[in-house]
Amino acid sequence: CISHALCSIVHWYQHFCIQMLLLCLLYPLNVQGGASTIRVGVMLPFQSQNGVTAPRAIDFYRGLLMAMDSLRKDGHSFRVYTYNTAVTPMSGILRDTIIRHLDIVFGPDNNQYLQELSDYTAPQGTKVIDVFSPSCKTLYSNPHFCLAYAPSEMQSVFAAHLFVLHFGQGKTDIIVVDTKKETHPFVIAMKKTARKVRFLAHDFTDAQLESRLTKSRPQFILISSEDAESAIPVLERIASFRLAHPEYELHVLGYPEWIFRGSIDSSLFHKADTYIYTSFYNNVQSQRNQKFATRFSLQFGRPMESSRPVMAMMGFDCGYYLLKALCRYGRSWSGQEVYAAPLQNGYRFRYQGNSAGLANEYTQFVHYKTDNHIDLISPHLP
């Protein structure tokens, strides 16, 4: 019937438009052939059936392309296969015969799709990279699976370990401010590292705080939960106390949610001399980051999305690190570190069990100093 024919034409046209979008996204690839070419799959929700694009996915992909451009200058080559998971289910994507020949796949952002893809590619040793999810059960069933974002519980342990490396085991005191809300995993991890742990009520006075301090070593305030509503009044009191009592070496330990959500003015972090742990950080003061943003705008005709994290930078960092690792070790790469100075997202992958995959254990502290400068305290990179 005529209506059926019209529907078929509309569906074909939508599919055609999506393919044209992906071709535009591929610019500029300049892919080289050859036996050493790395076959890269990208499976992300670029555009819906209704033509609505996903800026986060597009920016990640473009950052990934920029990483390939940088690596090609060192003689490496790549062939890219792109799939729009917003319109094609994983069962349809897996019908493409090239899938079993891919060396690495970035995405998709759907746990069910990740499991289907993992089950299909595991026998070939294809590296499957979970780009967006902070948690995925597939991690524990496929040794070739990589989690780019570690779960918050893991990050808390990694941050506590970095704290010990930087400040020393048993050389600091922790003062936990109890908010009467659910205790953050970081508090539990930090209690195991401190020389002494003391406690304060959320509405503490200066006199109560001073009674728990000593002048002989550094001391850190740790709020028991990550919500901004609890944090802001504590940060304000610590900032005021530091001005009145410079004889104490007092700092605050903070949570990645404070940066990610942007609900606290960073000037308050500086006044309280705050160390915030996080797996990613875009230092807008960095000339290297500023040059990347300019290059992105020139190459793609528009600025990067200003999300947190900045997806273009994440695409570049994630792509550069993992593709460089594959270029060096092939599919046998099993977490060996490569040098890749991050713009925003650092990587250090470790196996999470005998039959499990690799999770990113990279964590750093962002130190908001009282002179309004920022230092990044990172784990040693090769």
Side-chain angles (χ1 to χ4, degrees), residues 17-29 40-70 80 82-87 105-110 113 129-134 147-149 228 256-266 276 278-323 340-347 360 362 364 366 374 376:
C17 289
I18 291 170
Q19 294 305 311
M20 291 301 99
L21 171 69
L22 295 182
L23 285 174
C24 292
L25 287 171
L26 283 170
Y27 173 80
L29 277 179
V40 182
V42 184
M43 301 179 184
L44 294 173
F46 293 109
Q47 185 182 54
S48 70
Q49 287 280 13
N50 297 326
V52 179
T53 58
R56 292 176 73 248
I58 292 173
D59 270 22
F60 178 90
Y61 183 60
R62 287 174 166 168
L64 181 62
L65 295 181
M66 293 175 72
M68 294 182 203
D69 284 341
S70 295
V80 184
T82 309
Y83 303 87
N84 182 16
T85 59
V87 297
V105 178
F106 293 90
D109 67 338
N110 176 299
Y113 284 4
I129 315 303
D130 183 354
V131 175
F132 296 120
S133 173
L147 195 63
Y149 273 130
E257 290 85 356
W258 294 359
I259 299 176
F260 183 78
R261 295 171 185 166
S263 52
I264 303 177
D265 190 330
S266 61
I276 298 179
T278 178
S279 61
F280 66 86
Y281 184 73
N282 173 25
N283 185 0
V284 295
Q285 300 176 359
S286 165
Q287 290 188 357
R288 181 167 173 254
N289 289 24
Q290 293 170 6
K291 288 179 180 178
F292 178 87
T294 300
R295 188 156 59 94
F296 183 97
S297 297
L298 292 174
Q299 190 161 341
F300 298 108
R302 69 163 183 81
M304 304 180 299
E305 293 289 323
S306 57
S307 58
R308 296 182 182 181
V310 178
M311 298 312 297
M313 288 185 174
M314 181 181 177
F316 182 90
D317 288 333
C318 188
Y320 191 90
Y321 186 97
L322 288 165
L323 293 175
L343 292 166
Q344 173 187 249
N345 296 74
Y347 294 95
N360 179 23
Y362 185 92
Q364 62 190 336
V366 182
I374 292 175
L376 298 182

Minimum-distance pair of heavy atoms, taken over all atoms of [X] and [Y]:
{"X": "Gln47", "Y": "Asn84", "result": "O-ND2, 2.7 Å"}
{"X": "Tyr347", "Y": "Cys318", "result": "OH-CB, 3.3 Å"}
{"X": "Ala228", "Y": "Ile264", "result": "CB-CG1, 3.8 Å"}
{"X": "Ala312", "Y": "Met304", "result": "CB-SD, 3.6 Å"}

Are the side chain of [X] and the backbone of [Y] linked by a donor-acceptor contact shorter than 3.5 Å?
{"X": "Ser286", "Y": "Arg288", "result": "yes"}
{"X": "Glu305", "Y": "Val310", "result": "no"}
{"X": "Ser297", "Y": "Ala293", "result": "yes"}
{"X": "Asn345", "Y": "Asp317", "result": "no"}
{"X": "Ser48", "Y": "Val52", "result": "yes"}
{"X": "Arg308", "Y": "Arg261", "result": "no"}

Answer with yes or no after comparing the ring centroid distance for Phe132 and Tyr149 against a 6.0 Å cut-off, counting only values under it.
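So the answer is no for these two rings.
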So which of Tyr83, Phe106, Phe60 actually passes side-chain contact (heavy atoms from CB on, under 4.5 Å) with Leu44?
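Going through Tyr83, Phe106, Phe60 one by one, the side-chain contact (heavy atoms from CB on, under 4.5 Å) with Leu44 is satisfied by Phe60 alone.
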First locate atom [atom1] of [X], then atom [atom2] of [Y], and finally report the distance between them rounded to the nearest 0.5 Å.
{"X": "Met311", "Y": "Arg62", "atom1": "CE", "atom2": "CZ", "value": "14.0 Å"}
{"X": "Ile374", "Y": "Gln285", "atom1": "CD1", "atom2": "CD", "value": "5.0 Å"}
{"X": "Ile259", "Y": "Ile276", "atom1": "CD1", "atom2": "CD1", "value": "4.5 Å"}
{"X": "Phe280", "Y": "Met314", "atom1": "CZ", "atom2": "CE", "value": "9.0 Å"}
{"X": "Met43", "Y": "Tyr61", "atom1": "CE", "atom2": "OH", "value": "12.0 Å"}
{"X": "Phe316", "Y": "Phe296", "atom1": "CZ", "atom2": "CZ", "value": "12.5 Å"}

Take Ile129 and Leu322 through the side-chain contact (heavy atoms from CB on, under 4.5 Å) test and state the conclusion after the steps.
CA-CA 9 Å; Ile129 315 303; Leu322 288 165; 3.8 Å; yes
Please tell me if the side chains of Asp109 and Val131 come closer than 4.5 Å, counting only heavy atoms from C-beta onward.
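Not touching, per the 4.5 Å side-chain cut-off.
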May I ask you to test the Leu376-Val366 pair for a side-chain heavy-atom distance under 4.5 Å?
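Yes; the side chains approach each other to less than 4.5 Å.
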Worked check of side-chain contact (heavy atoms from CB on, under 4.5 Å) between Gln344 and Phe292:
CA-CA 11 Å; Gln344 173 187 249; Phe292 178 87; over 6 Å; no
Any ion pair linking Asp59 and Arg302 (charged N to carboxylate O, less than 4.0 Å)?
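A salt bridge links Arg302 with Asp59.
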For Tyr281, all residues meeting ring-ring contact (aromatic ring centres under 6.0 Å, His included), sequence neighbours excluded
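Partners of Tyr281 by the ring-ring contact (aromatic ring centres under 6.0 Å, His included) criterion come out as none, since no residue qualifies.
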Asn360: partners by side-chain hydrogen bond (donor to acceptor under 3.5 Å, both in side chains), with sequence neighbours left out
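None.
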Looking just at side-chain N and O atoms, do Asn289 and Asn283 make a donor-acceptor pair shorter than 3.5 Å?
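Asn283 and Asn289 do not have a side-chain donor-acceptor pair below 3.5 Å.
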Would Tyr320 and Ser70 count as a side-chain hydrogen bond (donor to acceptor under 3.5 Å, both in side chains) if you check the C-alpha gap in whole Å, the side-chain angles of each, and the deciding distance to 0.1 Å?
CA-CA 8 Å; Tyr320 191 90; Ser70 295; over 6 Å; no
Step by step, work out the side-chain contact (heavy atoms from CB on, under 4.5 Å) result for Leu64 and Val80.
CA-CA 10 Å; Leu64 181 62; Val80 184; over 6 Å; no
